[in-house]
Amino acid sequence: MGKLTICDHPLIQHKLTFIRDKDTKTKDFRELVDEVATMMAYEITRDLPLETVTVSTPVIEATSKVVSGRMLGLIPILRAGLGMVEGMLKLIPSAKVGHIGLFRNPETLEPVEYYVNLPSDAPERLLIVIDPMLATGGSANAAIQALKTRGCTQIKLMCLIAAPEGVKAVQEAHPDVDIFLASLDSHLNDHGYIVPGLGDAGDRMFGTK
Ligand code: PRP
Ligand code: URA
């Protein structure tokens, strides 16, 4: 079973409150999501392997650590996942970025795939699927499956807010995928929205409603 990590740093939890607030305007919503994505990138890269190198300080030649060439890929699920990419790239600027376009059919809640564009060396990279919302888990599962179908094997999932239903769905379908969240919320409502959640992430991010 994939590991579930809640990134409970006080600054993440503080900013998440304002992301949830319905009165937060699009500009501030975007900035806050960007900031939280940077902080979560710190957490999700915690287990990157290190190697020892030699460095000449102004004082002496010393041994020190660098990340040992682990190649990363960020895979935002369109649309709302886009809002977390820049924040993560601030910490991991050499990551490549692939895109998976999915939307949820509002009646069936089933994901509909409309776009997949991955780095050519995606199968050699550790891929982080990014989406603010993990509700039924249909979109995340479809995105992870799209990566696996193309030969990718090292995959993590990073979301701001999840419902227990979505976590369970991903853990059952993809037990090899670790999940990182800022919050595990209460439940899904009858329309498949996370409660308390933040509403429609894409609309709030891009001001489309
Ligand atoms: C939202 C969200 C996730 C999905 C989560 O996207 O960004 O991708 O719903 O729901 P699920 O876990 O039940 O699949 P949406 O379908 O609204 O598309 P959009 O980002 O283009 O608005
Ligand atoms: N998608 C969203 O944007 N919000 C939810 O609460 C559920 C799915």
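Numbering of residues begins at 1 and proceeds along the displayed sequence. Counting convention: from 1, in listed order, for ligands and their atoms alike.
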[atom] - nearest protein heavy atom and its distance:
| atom | value |
| --- | --- |
| atom 3 (O) of ligand 2 | Ala201 N, 2.8 Å |
| atom 19 (P) of ligand 1 | Arg79 NE, 3.6 Å |
| atom 6 (O) of ligand 2 | Ile194 N, 2.8 Å |
| atom 5 (C) of ligand 1 | Met133 O, 3.6 Å |

Relative to the heavy atoms of [X], which atoms of ligand 1 are at a distance of less than 4.0 Å?
| X | result |
| --- | --- |
| Phe103 | 16 (O) |
| Arg104 | 10 (O), 11 (P), 13 (O), 14 (O), 16 (O) |
| Gly138 | 12 (O), 14 (O) |

**Study point:** Ala135, any N or O under 3.5 Å of ligand 1 N or O
**Key:** yes
Check your understanding: Quick check: does Asp203 get an N/O under 3.5 Å from an N/O on ligand 1?
Key -> no
Practice item. May I ask whether Gly137 places a heavy atom under 4.0 Å from ligand 1? Key: yes
Review point. Quick one: does Leu109 get within less than 4.0 Å of ligand 1, heavy atoms only?
Key: no
With a 4.5 Å heavy-atom cut-off, do [X] and [Y] have their side chains touching?
| X | Y | answer |
| --- | --- | --- |
| Val36 | Ile19 | yes |
| Met71 | Asp121 | yes |
| Met205 | Arg79 | no |
| Leu181 | Thr5 | no |

Review point. So, Glu43 and Arg46, do they make that salt bridge, N to O below 4.0 Å?
Key: yes
Review point. Do the charged groups of Asp176 and Lys3 touch, with an N to O distance under 4.0 Å?
Key: no
Practice item. Look up atom CE in Met88 and atom CG in Asp34, then write down how far apart they are to the nearest 0.5 Å. Key: 11.5 Å
Exercise for review: Would you indicate whether His187, at its atom NE2, is surrounded by more than 12 heavy atoms from other residues, nucleotides or ligands within a distance under 6.0 Å?
Suggested key: yes
Review point. Is Lys90 atom NZ crowded by more than 12 heavy atoms from other residues, nucleotides or ligands, each under 6.0 Å away?
Key: yes
Check your understanding: Counting heavy atoms only, which of Ile100, Thr136, Val112, Leu102 is nearest atom 13 (O) of ligand 1?
Key -> Thr136
Just by modelled atom types, is the [Y] backbone N or O under 3.5 Å from a matching donor or acceptor in the [X] side chain?
| X | Y | value |
| --- | --- | --- |
| Arg150 | Leu118 | no |
| Thr24 | Arg20 | no |
| Glu51 | Lys65 | no |

Review point. Do Gly192 and ligand 2 have an N or O pair less than 3.5 Å apart?
Key: no
Check your understanding: Any nitrogen or oxygen of Gly202, main chain or side chain, under 3.5 Å from a nitrogen or oxygen of ligand 2?
Key -> no
Practice item. Using a 4.0 Å heavy-atom threshold (strictly under), name the region of Ala135 that reaches ligand 2: side chain, backbone, both or neither. Key: side chain
Point to revise | Nearest protein heavy atom under 4.0 Å from atom 3 (C) of ligand 1, yes or no | key: yes
Revision key, fill the gap. Checking heavy atoms under 4.0 Å, the part of Ala80 that sits near ligand 1 is both
Answer yes or no for [X]: is there a heavy-atom contact with ligand 2 below 4.0 Å?
| X | answer |
| --- | --- |
| Arg104 | yes |
| Gly197 | no |
| Gly199 | yes |

